[in-house]
Amino acid sequence: MSSRPHGLPSAENFRIEKTETGDLKDNEVLLKPWYISVDPYMRGRMNDSKSYAASWEVGKPIKGGIVAKVIESKSNSLIPGDVVIGNLPWATYCIEKAEHLRKVDVRKVSPGHYLGVLGMPGCTAYFGIMEICKPLKGDTVVISGAAGAVGIVAGQIAKIQDARVIGIAGSDEKCRLLKEQFGFDEALNYKTSKSLRKDLANLCPEGVDCYFDNVGGEITEAVAANLDFHARIALCGQISQYNNSKPYIGYSILPHLLTRSVMLQGFIVSNYSDRFGEAFMHLTEWFNDGRLKYRETIIEGFEKLPEAFLGLFRGINSGKMLVKIE
Ligand SMILES: NC(=O)c1ccc[n+]([C@@H]2O[C@H](COP(=O)([O-])OP(=O)(O)OC[C@H]3O[C@@H](n4cnc5c(N)ncnc54)[C@H](OP(=O)(O)O)[C@@H]3O)[C@@H](O)[C@H]2O)c1
(Lines give C-alpha, C1' and ligand atoms only; values in the text may rest on other atoms or scores of the structure.)
Protein backbone atom coordinates (compact mmCIF):
# COMPACT_ATOMS: atom_id res chain seq x y z
CA MET A 1 0.00 0.00 0.00
CA SER A 2 1.54 3.33 -0.99
CA SER A 3 -0.83 5.71 0.86
CA ARG A 4 -3.98 5.75 2.99
CA PRO A 5 -7.22 6.63 1.19
CA HIS A 6 -9.73 9.22 2.30
CA GLY A 7 -13.14 8.01 1.21
CA LEU A 8 -13.18 5.71 -1.79
CA PRO A 9 -9.70 4.23 -2.44
CA SER A 10 -8.11 4.56 -5.88
CA ALA A 11 -5.29 2.94 -7.84
CA GLU A 12 -2.96 5.67 -6.47
CA ASN A 13 -3.14 4.05 -3.02
CA PHE A 14 -1.23 1.05 -4.40
CA ARG A 15 2.27 0.63 -5.83
CA ILE A 16 4.12 -2.35 -7.31
CA GLU A 17 7.76 -2.72 -6.24
CA LYS A 18 10.51 -5.18 -7.13
CA THR A 19 12.36 -6.77 -4.20
CA GLU A 20 14.36 -9.95 -3.53
CA THR A 21 12.68 -12.81 -1.65
CA GLY A 22 15.93 -13.66 0.20
CA ASP A 23 17.30 -17.15 0.86
CA LEU A 24 15.20 -20.09 1.95
CA LYS A 25 15.85 -21.20 5.56
CA ASP A 26 15.03 -24.47 7.32
CA ASN A 27 11.28 -25.14 7.67
CA GLU A 28 10.48 -22.53 5.02
CA VAL A 29 9.06 -22.84 1.50
CA LEU A 30 9.29 -20.68 -1.62
CA LEU A 31 5.76 -20.01 -2.88
CA LYS A 32 4.22 -18.79 -6.11
CA PRO A 33 0.83 -17.21 -5.31
CA TRP A 34 -1.86 -18.57 -7.62
CA TYR A 35 -5.26 -17.22 -6.46
CA ILE A 36 -5.34 -14.02 -4.41
CA SER A 37 -8.44 -13.02 -2.46
CA VAL A 38 -9.60 -9.41 -2.43
CA ASP A 39 -12.09 -8.70 0.36
CA PRO A 40 -14.18 -5.78 1.60
CA TYR A 41 -12.62 -6.00 5.10
CA MET A 42 -9.35 -4.86 3.50
CA ARG A 43 -10.80 -1.37 3.22
CA GLY A 44 -10.70 -1.16 7.03
CA ARG A 45 -7.05 -2.25 7.04
CA MET A 46 -6.19 0.76 4.88
CA ASN A 47 -7.30 3.15 7.66
CA ASP A 48 -5.05 4.15 10.50
CA SER A 49 -7.63 3.38 13.16
CA LYS A 50 -8.07 0.81 15.87
CA SER A 51 -10.06 -2.23 14.82
CA TYR A 52 -10.26 -5.96 15.50
CA ALA A 53 -7.05 -6.40 13.45
CA ALA A 54 -3.97 -4.23 12.88
CA SER A 55 -3.95 -1.62 10.08
CA TRP A 56 -1.74 -2.11 7.05
CA GLU A 57 1.43 -0.07 7.08
CA VAL A 58 2.12 2.46 4.34
CA GLY A 59 5.06 1.28 2.19
CA LYS A 60 4.68 -2.37 3.24
CA PRO A 61 3.19 -5.22 1.17
CA ILE A 62 -0.49 -5.95 1.59
CA LYS A 63 -1.31 -9.35 3.08
CA GLY A 64 -4.39 -11.48 2.69
CA GLY A 65 -5.79 -14.90 1.92
CA ILE A 66 -3.86 -16.60 -0.89
CA VAL A 67 -3.73 -20.05 -2.46
CA ALA A 68 -0.15 -20.69 -3.61
CA LYS A 69 2.01 -23.39 -5.19
CA VAL A 70 5.11 -24.65 -3.41
CA ILE A 71 8.11 -24.13 -5.69
CA GLU A 72 10.99 -25.06 -3.35
CA SER A 73 10.93 -26.50 0.12
CA LYS A 74 13.19 -26.79 3.15
CA SER A 75 10.36 -28.26 5.18
CA ASN A 76 9.62 -31.92 5.93
CA SER A 77 5.88 -31.35 5.62
CA LEU A 78 5.62 -29.75 2.14
CA ILE A 79 7.13 -30.65 -1.23
CA PRO A 80 7.31 -28.76 -4.55
CA GLY A 81 3.97 -29.04 -6.34
CA ASP A 82 1.92 -28.95 -3.14
CA VAL A 83 -0.83 -26.32 -3.02
CA VAL A 84 -1.28 -24.39 0.22
CA ILE A 85 -3.40 -21.61 1.68
CA GLY A 86 -2.12 -18.89 3.99
CA ASN A 87 -2.14 -15.25 4.97
CA LEU A 88 0.51 -14.12 2.50
CA PRO A 89 1.80 -10.94 0.89
CA TRP A 90 0.47 -9.76 -2.44
CA ALA A 91 3.59 -10.84 -4.34
CA THR A 92 4.50 -12.96 -7.36
CA TYR A 93 6.85 -15.06 -5.16
CA CYS A 94 7.27 -15.17 -1.39
CA ILE A 95 8.86 -17.20 1.38
CA GLU A 96 6.84 -18.47 4.32
CA LYS A 97 7.28 -20.84 7.26
CA ALA A 98 5.58 -24.17 6.50
CA GLU A 99 3.85 -24.13 9.90
CA HIS A 100 1.84 -21.05 8.82
CA LEU A 101 0.41 -22.83 5.78
CA ARG A 102 -2.34 -25.39 5.27
CA LYS A 103 -2.09 -27.88 2.42
CA VAL A 104 -5.23 -28.09 0.26
CA ASP A 105 -6.40 -30.71 -2.21
CA VAL A 106 -7.14 -29.18 -5.61
CA ARG A 107 -7.74 -32.42 -7.50
CA LYS A 108 -11.54 -32.16 -7.22
CA VAL A 109 -12.07 -28.64 -5.86
CA SER A 110 -11.27 -25.42 -7.71
CA PRO A 111 -8.31 -23.81 -5.83
CA GLY A 112 -10.17 -20.52 -5.44
CA HIS A 113 -12.97 -22.24 -3.50
CA TYR A 114 -10.63 -22.43 -0.49
CA LEU A 115 -10.83 -18.62 -0.43
CA GLY A 116 -14.61 -18.66 -0.88
CA VAL A 117 -17.25 -21.29 -0.21
CA LEU A 118 -14.79 -23.60 1.58
CA GLY A 119 -12.88 -20.76 3.21
CA MET A 120 -13.36 -17.62 5.28
CA PRO A 121 -16.50 -16.34 3.45
CA GLY A 122 -18.16 -19.77 3.70
CA CYS A 123 -17.41 -19.95 7.43
CA THR A 124 -18.79 -16.42 7.90
CA ALA A 125 -22.05 -17.40 6.21
CA TYR A 126 -22.22 -20.64 8.21
CA PHE A 127 -21.87 -19.05 11.66
CA GLY A 128 -24.03 -16.02 10.83
CA ILE A 129 -26.91 -18.24 9.73
CA MET A 130 -26.51 -21.22 12.06
CA GLU A 131 -25.47 -19.45 15.25
CA ILE A 132 -27.15 -16.05 15.04
CA CYS A 133 -30.07 -16.13 12.60
CA LYS A 134 -31.03 -19.72 13.49
CA PRO A 135 -33.84 -19.88 10.92
CA LEU A 136 -36.70 -22.28 11.62
CA LYS A 137 -38.55 -24.15 8.89
CA GLY A 138 -40.69 -21.67 6.95
CA ASP A 139 -39.02 -18.56 8.40
CA THR A 140 -38.43 -15.67 6.02
CA VAL A 141 -34.72 -14.84 5.77
CA VAL A 142 -33.46 -11.70 4.01
CA ILE A 143 -29.83 -11.47 2.86
CA SER A 144 -28.28 -8.16 1.74
CA GLY A 145 -25.18 -8.28 -0.46
CA ALA A 146 -26.78 -11.54 -1.49
CA ALA A 147 -24.87 -12.20 -4.71
CA GLY A 148 -21.42 -11.85 -3.13
CA ALA A 149 -18.93 -14.30 -1.65
CA VAL A 150 -20.67 -14.53 1.74
CA GLY A 151 -24.25 -13.76 0.69
CA ILE A 152 -24.58 -16.57 -1.87
CA VAL A 153 -23.55 -19.11 0.76
CA ALA A 154 -25.67 -17.57 3.55
CA GLY A 155 -28.80 -17.74 1.39
CA GLN A 156 -28.21 -21.34 0.41
CA ILE A 157 -27.53 -22.41 4.01
CA ALA A 158 -30.83 -20.78 5.00
CA LYS A 159 -32.52 -22.75 2.19
CA ILE A 160 -30.95 -25.97 3.54
CA GLN A 161 -32.68 -25.09 6.84
CA ASP A 162 -36.00 -24.98 4.90
CA ALA A 163 -36.39 -21.22 5.20
CA ARG A 164 -37.86 -18.92 2.58
CA VAL A 165 -35.00 -16.75 1.31
CA ILE A 166 -35.06 -13.28 -0.23
CA GLY A 167 -31.84 -11.79 -1.60
CA ILE A 168 -31.06 -8.12 -2.15
CA ALA A 169 -28.45 -7.33 -4.81
CA GLY A 170 -27.35 -4.56 -7.16
CA SER A 171 -28.39 -5.74 -10.63
CA ASP A 172 -31.14 -7.65 -12.44
CA GLU A 173 -28.54 -10.15 -13.62
CA LYS A 174 -27.45 -10.84 -10.02
CA CYS A 175 -31.11 -11.22 -8.98
CA ARG A 176 -31.68 -13.68 -11.83
CA LEU A 177 -28.63 -15.71 -10.77
CA LEU A 178 -29.80 -15.81 -7.16
CA LYS A 179 -33.13 -17.30 -8.15
CA GLU A 180 -32.11 -19.52 -11.06
CA GLN A 181 -28.72 -20.83 -9.93
CA PHE A 182 -28.77 -20.53 -6.16
CA GLY A 183 -32.38 -21.36 -5.30
CA PHE A 184 -33.36 -18.07 -3.62
CA ASP A 185 -37.15 -17.71 -3.54
CA GLU A 186 -37.12 -14.00 -4.39
CA ALA A 187 -34.53 -11.35 -5.20
CA LEU A 188 -34.75 -7.55 -5.21
CA ASN A 189 -32.54 -5.12 -7.11
CA TYR A 190 -31.92 -2.30 -4.62
CA LYS A 191 -30.63 -0.02 -7.37
CA THR A 192 -33.87 -0.03 -9.37
CA SER A 193 -36.44 -0.52 -6.60
CA LYS A 194 -38.53 2.66 -6.12
CA SER A 195 -39.12 1.68 -2.48
CA LEU A 196 -37.21 -1.29 -1.09
CA ARG A 197 -39.24 -0.98 2.08
CA LYS A 198 -42.54 -1.42 0.18
CA ASP A 199 -41.18 -4.15 -2.08
CA LEU A 200 -40.06 -6.09 0.99
CA ALA A 201 -43.42 -5.51 2.68
CA ASN A 202 -45.14 -7.00 -0.39
CA LEU A 203 -42.85 -10.02 -0.40
CA CYS A 204 -42.97 -10.52 3.39
CA PRO A 205 -46.56 -9.83 4.52
CA GLU A 206 -45.87 -11.61 7.81
CA GLY A 207 -42.55 -9.88 8.37
CA VAL A 208 -38.87 -10.84 8.19
CA ASP A 209 -37.71 -13.43 10.74
CA CYS A 210 -33.97 -13.30 10.04
CA TYR A 211 -31.75 -10.71 8.41
CA PHE A 212 -28.17 -11.41 7.39
CA ASP A 213 -26.72 -7.93 6.89
CA ASN A 214 -23.70 -7.50 4.63
CA VAL A 215 -24.23 -3.88 3.66
CA GLY A 216 -25.93 -1.61 6.24
CA GLY A 217 -27.22 1.89 5.39
CA GLU A 218 -30.54 2.42 3.62
CA ILE A 219 -30.94 -1.24 2.70
CA THR A 220 -30.81 -2.22 6.36
CA GLU A 221 -33.27 0.55 7.23
CA ALA A 222 -35.72 -0.88 4.69
CA VAL A 223 -35.36 -4.38 6.12
CA ALA A 224 -35.63 -3.14 9.73
CA ALA A 225 -39.02 -1.58 8.97
CA ASN A 226 -40.25 -5.05 7.96
CA LEU A 227 -38.92 -7.15 10.85
CA ASP A 228 -41.27 -9.52 12.63
CA PHE A 229 -41.41 -9.92 16.42
CA HIS A 230 -38.37 -11.77 17.82
CA ALA A 231 -36.46 -11.46 14.54
CA ARG A 232 -32.71 -12.16 14.57
CA ILE A 233 -30.14 -10.02 12.78
CA ALA A 234 -26.63 -11.29 12.00
CA LEU A 235 -24.61 -8.10 11.55
CA CYS A 236 -21.88 -9.37 9.26
CA GLY A 237 -20.77 -6.36 7.19
CA GLN A 238 -21.52 -2.72 6.41
CA ILE A 239 -19.92 -2.29 3.01
CA SER A 240 -22.11 0.69 2.11
CA GLN A 241 -20.36 2.59 4.93
CA TYR A 242 -16.71 1.56 4.51
CA ASN A 243 -15.75 4.54 2.35
CA ASN A 244 -17.64 7.17 4.34
CA SER A 245 -15.45 10.00 5.53
CA LYS A 246 -18.29 11.25 7.79
CA PRO A 247 -20.49 9.10 10.04
CA TYR A 248 -23.73 8.00 8.37
CA ILE A 249 -26.76 9.53 10.02
CA GLY A 250 -29.80 7.74 8.72
CA TYR A 251 -33.17 6.77 9.95
CA SER A 252 -32.74 4.98 13.30
CA ILE A 253 -33.59 1.29 13.21
CA LEU A 254 -33.42 1.04 17.01
CA PRO A 255 -37.15 1.71 17.70
CA HIS A 256 -38.00 -1.27 15.45
CA LEU A 257 -35.57 -3.47 17.34
CA LEU A 258 -36.99 -2.36 20.66
CA THR A 259 -40.68 -2.65 19.93
CA ARG A 260 -40.35 -5.96 18.10
CA SER A 261 -37.95 -7.55 20.62
CA VAL A 262 -35.33 -8.09 17.91
CA MET A 263 -31.96 -9.68 18.65
CA LEU A 264 -29.06 -8.06 16.76
CA GLN A 265 -25.59 -9.52 17.00
CA GLY A 266 -22.46 -8.26 15.32
CA PHE A 267 -19.82 -10.89 14.74
CA ILE A 268 -16.38 -11.46 13.27
CA VAL A 269 -15.80 -14.90 11.81
CA SER A 270 -12.67 -15.35 13.91
CA ASN A 271 -14.91 -15.37 17.02
CA TYR A 272 -15.64 -18.93 15.94
CA SER A 273 -12.08 -20.00 15.06
CA ASP A 274 -12.22 -22.96 17.42
CA ARG A 275 -15.20 -24.26 15.42
CA PHE A 276 -13.90 -23.80 11.85
CA GLY A 277 -13.53 -27.58 11.53
CA GLU A 278 -17.27 -28.01 12.09
CA ALA A 279 -18.09 -25.34 9.49
CA PHE A 280 -15.72 -26.86 6.89
CA MET A 281 -17.23 -30.28 7.50
CA HIS A 282 -20.79 -29.06 6.82
CA LEU A 283 -19.83 -26.77 3.93
CA THR A 284 -17.85 -29.57 2.27
CA GLU A 285 -20.70 -32.04 2.73
CA TRP A 286 -23.27 -29.63 1.25
CA PHE A 287 -20.91 -28.66 -1.57
CA ASN A 288 -20.15 -32.30 -2.43
CA ASP A 289 -23.79 -33.35 -2.45
CA GLY A 290 -24.75 -30.39 -4.67
CA ARG A 291 -26.88 -28.49 -2.15
CA LEU A 292 -24.34 -25.67 -2.00
CA LYS A 293 -23.34 -24.12 -5.32
CA TYR A 294 -20.76 -21.42 -5.85
CA ARG A 295 -19.51 -18.84 -8.27
CA GLU A 296 -16.31 -16.85 -8.69
CA THR A 297 -15.41 -13.70 -10.58
CA ILE A 298 -11.78 -14.17 -11.60
CA ILE A 299 -9.60 -11.36 -12.90
CA GLU A 300 -6.26 -12.43 -14.36
CA GLY A 301 -2.95 -10.68 -13.71
CA PHE A 302 -1.01 -9.59 -10.63
CA GLU A 303 -1.16 -5.94 -11.67
CA LYS A 304 -4.98 -6.13 -11.65
CA LEU A 305 -5.14 -6.56 -7.84
CA PRO A 306 -6.07 -2.92 -7.07
CA GLU A 307 -8.66 -2.94 -9.87
CA ALA A 308 -10.26 -6.12 -8.51
CA PHE A 309 -10.30 -4.80 -4.95
CA LEU A 310 -11.81 -1.46 -5.98
CA GLY A 311 -14.38 -3.33 -8.09
CA LEU A 312 -15.93 -4.74 -4.90
CA PHE A 313 -17.28 -1.28 -4.12
CA ARG A 314 -18.88 -1.06 -7.57
CA GLY A 315 -20.32 -4.55 -7.41
CA ILE A 316 -18.46 -5.87 -10.46
CA ASN A 317 -18.28 -9.32 -8.88
CA SER A 318 -20.84 -12.03 -8.43
CA GLY A 319 -19.69 -14.66 -5.98
CA LYS A 320 -16.10 -14.54 -4.76
CA MET A 321 -13.78 -11.97 -6.31
CA LEU A 322 -10.34 -13.45 -6.99
CA VAL A 323 -7.21 -12.49 -8.86
CA LYS A 324 -5.47 -15.34 -10.64
CA ILE A 325 -1.75 -15.30 -11.38
CA GLU A 326 -0.14 -17.76 -13.79
N1 LIG B 1 -18.04 -10.35 9.99
C2 LIG B 1 -17.12 -11.03 9.34
O3 LIG B 1 -16.32 -11.77 9.91
C4 LIG B 1 -17.05 -10.90 7.85
C5 LIG B 1 -16.31 -11.81 7.07
C6 LIG B 1 -16.34 -11.66 5.68
C7 LIG B 1 -17.03 -10.63 5.11
N8 LIG B 1 -17.68 -9.75 5.90
C9 LIG B 1 -18.46 -8.64 5.34
O10 LIG B 1 -19.49 -9.22 4.58
C11 LIG B 1 -19.82 -8.37 3.49
C12 LIG B 1 -19.72 -9.17 2.19
O13 LIG B 1 -18.37 -9.57 1.99
P14 LIG B 1 -18.01 -10.44 0.72
O15 LIG B 1 -16.61 -10.88 0.88
O16 LIG B 1 -19.06 -11.45 0.51
O17 LIG B 1 -18.05 -9.36 -0.44
P18 LIG B 1 -18.90 -9.45 -1.77
O19 LIG B 1 -20.34 -9.43 -1.37
O20 LIG B 1 -18.42 -10.60 -2.57
O21 LIG B 1 -18.52 -8.12 -2.56
C22 LIG B 1 -19.00 -6.90 -2.16
C23 LIG B 1 -20.40 -6.61 -2.74
O24 LIG B 1 -20.99 -5.59 -1.95
C25 LIG B 1 -21.95 -4.91 -2.73
N26 LIG B 1 -21.83 -3.47 -2.46
C27 LIG B 1 -20.76 -2.67 -2.69
N28 LIG B 1 -21.04 -1.40 -2.33
C29 LIG B 1 -22.33 -1.41 -1.87
C30 LIG B 1 -23.20 -0.41 -1.36
N31 LIG B 1 -22.81 0.87 -1.24
N32 LIG B 1 -24.45 -0.77 -1.01
C33 LIG B 1 -24.86 -2.05 -1.11
N34 LIG B 1 -24.07 -3.05 -1.59
C35 LIG B 1 -22.83 -2.73 -1.96
C36 LIG B 1 -21.65 -5.22 -4.19
O37 LIG B 1 -22.72 -6.01 -4.70
P38 LIG B 1 -24.05 -5.32 -5.35
O39 LIG B 1 -23.87 -5.40 -6.82
O40 LIG B 1 -25.14 -6.18 -4.82
O41 LIG B 1 -24.11 -3.90 -4.86
C42 LIG B 1 -20.37 -6.05 -4.14
O43 LIG B 1 -20.33 -7.05 -5.13
C44 LIG B 1 -18.86 -7.19 3.56
O45 LIG B 1 -19.50 -6.14 4.24
C46 LIG B 1 -17.72 -7.73 4.39
O47 LIG B 1 -17.01 -6.71 5.06
C48 LIG B 1 -17.70 -9.86 7.26
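In each ligand, atom 1 is the first atom listed, and ligand 1 is the first ligand listed.
One finds a salt bridge joining Lys320 and Asp39 here, because a Lys/Arg side-chain nitrogen approaches an Asp/Glu carboxylate oxygen to under 4.0 Å. Using a cutoff of 4.0 Å between basic side-chain nitrogens and carboxylate oxygens, Asp185 and Lys159 are scored as salt-bridged. Taking a cutoff of 4.0 Å between a charged side-chain nitrogen and a carboxylate oxygen, Glu326 and Lys324 qualify as a salt bridge. The residues Glu221 and Arg197 are annotated as not salt-bridged, no charged nitrogen and carboxylate oxygen being separated by less than 4.0 angstrom.
Ring geometry for Phe127 against Tyr272 counts as parallel: the plane angle stays under 30°, on a 0 to 90° scale with 60° as the upper cut.
By the 6.0 Å contact criterion, CG on Asp23 is open, its count of non-hydrogen atoms from other residues, nucleotides or ligands being 12 or less. When the shell of 6.0 Å around CD of Glu131 is examined, it contains more than 12 heavy atoms from other residues, nucleotides or ligands. Atom OH of Tyr251 sits in a crowded spot, with more than 12 heavy atoms from other residues, nucleotides or ligands closer than 6.0 Å. Other residues, nucleotides and ligands contribute more than 12 heavy atoms inside 6.0 Å of the CG atom of Asp105.
From the protein, the heavy atom lying nearest to atom 19 (O) of ligand 1 is Gly148 CA, 3.2 Å. Ranking the protein heavy atoms by distance from atom 40 (O) of ligand 1 puts Gly170 N, 2.8 Å first. Looking from atom 37 (O) of ligand 1 to the surrounding protein, the closest heavy atom is Lys174 NZ, 3.3 Å. The shortest contact between atom 4 (C) of ligand 1 and any protein heavy atom is with Thr124 CG2, 3.6 Å. The protein heavy-atom contact nearest to atom 23 (C) of ligand 1 is Leu312 O, 3.9 Å. For atom 36 (C) of ligand 1, the closest heavy atom belonging to the protein is Gly315 CA, 3.5 Å. Scanning the protein for heavy atoms near atom 33 (C) of ligand 1, the closest one is Tyr190 OH, 3.2 Å. Here the heavy atom of the protein found nearest to atom 16 (O) of ligand 1 is Val150 N, 2.8 Å.
How far CG of Leu196 is from OG1 of Thr220: 9.5 Å, rounded to the nearest 0.5 Å.
Residue contacts with ligand 1 include Cys236, since one or more of its heavy atoms lies under 4.0 Å from the ligand. Ligand 1 lies within reach of Met120, whose nearest heavy atom is under 4.0 Å from it.
Residue-to-ligand polar distances keep Gly151 apart from ligand 1: every N/O pair is separated by 3.5 Å or more. Residue Asn317 has at least one nitrogen or oxygen atom sitting less than 3.5 Å from a nitrogen or oxygen atom of ligand 1, judged on distance alone.
Interface atoms of ligand 1 facing Val215, defined by a heavy-atom separation under 4.0 Å, are 33 (C), 34 (N). Listed by number with element, the atoms of ligand 1 under 4.0 Å from a non-hydrogen atom of Ser240 are 30 (C), 31 (N), 32 (N). Near Tyr242, the atoms of ligand 1 lying under 4.0 angstrom from a non-hydrogen atom of the residue are 44 (C), 45 (O), 46 (C), 47 (O). Those atoms of ligand 1 that come under 4.0 Å of a heavy atom in Val269, given as number and element, are 2 (C), 3 (O). Taking every non-hydrogen atom of Gly319 and a distance limit under 4.0 Å, the qualifying atoms of ligand 1 come out as 20 (O). Against a heavy-atom cut-off of under 4.0 Å, Gln238 is close to the following atoms of ligand 1: 45 (O). Atoms of ligand 1 lying under 4.0 Å from any heavy atom of Ala169, numbered from 1 in the order shown and given with element: 40 (O). Listed by atom number, the atoms of ligand 1 under 4.0 Å from Ala149 heavy atoms are 15 (O), 16 (O), 18 (P), 19 (O), 20 (O).
Among Ile239, Ile152, Asn243, Asn244, the residue whose heavy atom lies nearest to atom 24 (O) of ligand 1 is Ile239.
Residue Asn214 touches ligand 1 through backbone and side chain together, judged by heavy-atom distances below 4.0 Å. With a 4.0 Å cut-off on non-hydrogen atoms, Met321 does not touch ligand 1 at all.
When every heavy atom of Ser73 is checked against every heavy atom of Val29, the shortest pair comes out as OG-CG1, 3.5 Å. Minimum heavy-atom separation, Ala308 to Met321: O-CE, 3.3 Å. Closest non-hydrogen pair, Lys134 versus Asp139, comes out as O-OD2, 4.5 Å.
Contacts classified as ring-ring contact (aromatic ring centres under 6.0 Å, His included) and involving residues 204-231 (residues at least two apart or in different chains) are not found.
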